[in-house]
2 protein chains.
Amino acid sequence: MSQFKPIRPSRVSDEVVKQLRDGILSGRLKAGERLPSERDLAQDFEVSRVAVREALRKLENSGFICVRHGATGGAFVQELTFDHLTMSFVDLFLAERISIEDLYQVRLLIEPEIARLAAQRITPEDAGRLLTALEEEERQSQSMEDDIQRKTTVHFILAEICRNKFFEVLVRALMEVTRRVVLAGSPDFNFIHPAGMHRPVVEAVLAGDAQGAAEAMRLHAIEFGKTLIQREKTFREKQSLSSS
Amino acid sequence: MSQFKPIRPSRVSDEVVKQLRDGILSGRLKAGERLPSERDLAQDFEVSRVAVREALRKLENSGFICVRHGATGGAFVQELTFDHLTMSFVDLFLAERISIEDLYQVRLLIEPEIARLAAQRITPEDAGRLLTALEEEERQSQSMEDDIQRKTTVHFILAEICRNKFFEVLVRALMEVTRRVVLAGSPDFNFIHPAGMHRPVVEAVLAGDAQGAAEAMRLHAIEFGKTLIQREKTFREKQSLSSS
DNA sequence: ATTGGGTTAATGGTTTTACCATTTACGGAA
DNA sequence: TTCCGTAAATGGTAAAACCATTAACCCAAT
């Protein structure tokens with residue numbers, strides 16, 4: 001083993017990224033704050049505007065900032081959301097590094113647990129939101145996009161009731177992949193995921209019946225999961241077709 | 001509701017990103033292939049080199065390409081790894097959007113399940129790797145970095161044995177956050193995670209005892225988890241200190 | 001034959017300058 | 001008051017020039 005470490009020449013823009021990122025993560029730059037203009041940043045860092053812009057693109061891509069055009073524009077620090085993690089996950093799915101079967105297995109593990117926790121931790125306020133969402137999803141929908149949106153809401157709310165952000169982000173990722181697969185292949189979403197499918201789960205949660213909620217969710221996950229696995233093949237075919 | 005949708009002026013670089021990304025995800029651009037040089041890409045897309053470079057920074061940031069300098073350099077398509085998802089996750093933790101407690105709860109759910117599955121699916125070849133890793137981690141380590149590295153390996157291998165990429169990526173994320181917290185606060189990792197801690201788990205897995213493996217892992221996760229939760233406070237303090 | 005140095009060519013990295021496009025604010029005219 | 005034009009700030013794009021890194025090649029000295 002050599003005593004020396006290889007030297008990797010670094011890019012100026014990466015140093016800019018590093019400093020800005022540190023500032024944001026440390027809280028020195030708070031969400032909502034505006035960074036100096038590109039020209040000013042270039043002066044402060046003593047680099048060219050191009051270097052600053054490349055750095056901003058990276059930070060934008062990671063969800064740390066959003067950039068607006070115009071007189072009151074600039075780069076604004078964002079509260080980090082779960083969206084970018086979700087998108088990374090979708091990328092892995094699209095790149096076929098993760099299959100629906102993988103996803104199904106994980107879902108079968110965590111969703112019943114979420115239902116169980118939700119039943120234990122639900123507050124009256126949560127109960128109201130949950131019921132509203134359930135009623136919403138049982139109404140007639142105008143479009144499939146809309147239908148899917150409503151039927152995923154119950155899952156989101158249950159995850160939120162757990163007060164565990166990790167569960168939330170997992171459910172988001174699961175739902176986003178599911179949404180895409182369904183959207184690509186099903187003429188009638190209400191057929192493969194009929195209205196009312198969540199009712200047993202929600203009722204058990206509202207009743208505070210942890211065991212019952214978990215079991216109801218398990219059954220739901222199994223039922224819907226089987227359908228989804230079948231859809232993956234269709235999805236992959238469409239995927240490769242549309243891109244050739 | 002208006003019949004029109006708002007128009008968001010788009011950036012040239014984003015269109016470049018889109019086209020290249022589609023090419024990669026569809027498989028038209030395969031891993032290992034080299035994209036045309038920046039100057040050629042600029043000509044092909046009929047945009048400036050700056051726009052191309054901003055696009056490359058984004059793709060680089062998402063893990064789709066890596067860019068090398070020099071005569072045989074250029075942008076090379078990468079096989080999408082779990083690393084970027086892991087980093088997104090670490091960002092969420094550093095931004096305090098996810099706590100160690102959240103993480104602990106999820107870990108307590110999935111790691112026993114991983115042990116269970118591993119016990120059911122293990123092959124002779126897996127058994128060899130697992131044993132080697134166990135022996136490795138029980139040897140004396142030179143540095144803490146090294147020690148942590150070895151003790152996480154068993155977790156990785158168990159996840160791989162499950163043949164479920166989703167579990168793999170979850171374990172990676174969990175371990176990376178754990179690694180950082182431990183690295184920031186513990187003078188002697190072997191004290192809080194003694195060698196041999198994994199032995200009961202590994203032995204149960206090797207014996208094909210699914211139930212026993214799950215239970216052993218549960219105990220391990222509880223024991224180590226408690227320690228880790230205590231360390232979070234120290235970590236957060238150090239974090240805000242080092243950045244002021 | 002090996003070593004080391006020099007040259008060349010390809011490519012990414014960086015800077016500078018100029019100009020375009022978008023957005024907001026302001027002020028004057030109808 | 002409303003409308004419209006103008007100005008100013010800021011991000012977006014482009015072009016040209018040059019620097020830095022890497023690999024490949026040739027060649028002379030050892």
Side-chain angles (χ1 to χ4, degrees), chain A residues 2 4-21 23-24 29 31-78, chain B residues 2 4-21 23-24 29 31-78:
Chain A
S2 162
F4 302 117
K5 285 180 264 181
I7 297 170
R8 301 253 167 271
S10 62
R11 264 194 297 238
V12 177
S13 62
D14 284 335
E15 181 59 29
V16 176
V17 168
K18 187 171 178 306
Q19 287 199 38
L20 290 175
R21 187 173 171 284
I24 294 171
L29 297 167
E33 262 184 64
R34 211 202 74 167
L35 301 185
S37 71
E38 293 180 354
R39 290 165 176 87
D40 289 347
L41 282 173
Q43 279 203 349
D44 294 346
F45 286 116
E46 294 181 5
V47 298
S48 74
R49 222 185 121 198
V50 179
V52 170
R53 283 179 60 82
E54 290 192 13
L56 294 182
R57 291 294 85 76
K58 286 204 171 193
L59 291 169
E60 195 176 47
N61 193 240
S62 302
F64 285 109
I65 62 171
C66 87
V67 177
R68 285 205 299 269
H69 201 161
T72 57
F76 293 83
V77 179
Q78 297 285 292
Chain B
S2 162
F4 303 117
K5 285 181 265 182
I7 296 171
R8 301 257 166 269
S10 63
R11 263 193 297 236
V12 176
S13 62
D14 284 335
E15 181 60 28
V16 175
V17 169
K18 187 171 178 306
Q19 287 199 37
L20 290 175
R21 188 173 170 283
I24 294 170
L29 296 168
E33 263 184 63
R34 211 203 74 168
L35 302 185
S37 72
E38 293 181 353
R39 290 164 176 88
D40 289 347
L41 282 173
Q43 278 203 350
D44 294 346
F45 286 115
E46 296 181 3
V47 299
S48 74
R49 224 183 121 199
V50 181
V52 170
R53 282 180 61 82
E54 289 191 12
L56 293 183
R57 290 295 85 74
K58 285 203 172 193
L59 290 169
E60 194 175 47
N61 193 242
S62 302
F64 285 109
I65 62 170
C66 88
V67 177
R68 285 206 300 269
H69 202 163
T72 58
F76 294 82
V77 179
Q78 297 286 291

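Letters A, B, ... mirror the listed sequences (proteins, then strands); counts begin at 1.
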What residues form a side chain to side chain contact (heavy atoms under 4.5 Å, CB included) with Ala75(A), not counting sequence neighbours?
Leu35(A), Leu56(A), Ile65(A), Val67(A)
Applying side chain to side chain contact (heavy atoms under 4.5 Å, CB included), name anything that partners Gln19(A), two or more places apart in sequence or on another chain.
Glu15(A), Phe45(A)
For Arg49(B), enumerate each residue passing the salt bridge (charged side-chain N to carboxylate O under 4.0 Å, His left out) test, keeping only those at least two apart in sequence or located in another chain.
Glu38(B)
Rounded to the nearest Å, what distance is computed from the [atom1] atom of residue [X] to the [atom2] atom of nucleotide [N]?
| X | N | atom1 | atom2 | answer |
| --- | --- | --- | --- | --- |
| Glu46(B) | dT13(D) | CD | P | 15 Å |
| Phe45(A) | dT14(C) | CZ | P | 14 Å |
| Glu38(B) | dA14(D) | CD | P | 15 Å |
| Gln43(B) | dA10(C) | CD | P | 15 Å |
| Leu56(B) | dG13(C) | CG | C1' | 12 Å |
| Arg68(A) | dT10(D) | CZ | P | 13 Å |
| Glu54(B) | dA15(D) | CD | P | 15 Å |
| Leu41(B) | dT11(C) | CG | C1' | 12 Å |

Not counting sequence neighbours, list each pair that qualifies as a salt bridge (charged side-chain N to carboxylate O under 4.0 Å, His left out) and has a residue in residues 58-67 of chain A.
Asp14(A)-Lys58(A), Arg57(A)-Glu60(A), Lys58(A)-Glu60(B), Glu60(A)-Arg11(B), Glu60(A)-Lys58(B)
Pick the closest DNA chain D nucleotide for Val47(B) and for Asp40(A) by heavy atoms, then say which residue is nearer the 5' end.
Asp40(A)
Can you see if the side chain of Arg11(B) gets near the phosphate of dT13(D) - specifically, an N or O under 4.0 Å from OP1 or OP2?
no
Check the phosphate of dT13(D) against Ser48(B), side-chain N and O only, distance under 4.0 Å to OP1 or OP2. Yes or no?
no
Considering every strand and a 4.0 Å limit on heavy-atom distances, what is the contact class for Val12(B): base, sugar-phosphate, or nothing?
sugar-phosphate
Just checking Arg53(A): base, sugar-phosphate only, or nothing, at a heavy-atom cut-off of under 4.0 Å?
base
Protein within reach of the bases, or only the backbone? For nucleotides 18-27 of chain D, mark each nucleotide 5' to 3' as B, S or -, using heavy atoms under 4.0 Å.
B-BBBS----
Closest to side chain of Arg34(A), choosing from dT13(D), dT10(D), dT15(C)
dT10(D)
Do you know which two heavy atoms are closest between Ala51(B) and Ser13(B), and how far apart they sit?
O-CB, 3.5 Å
Arg34(B) side chain to Gly73(B) main-chain N or O, any donor-acceptor pair under 3.5 Å?
yes
Please collect all side chain to side chain donor-acceptor pair (under 3.5 Å) contacts where either partner lies in residues 67-76 of chain A, sequence neighbours excluded, each pair once.
none
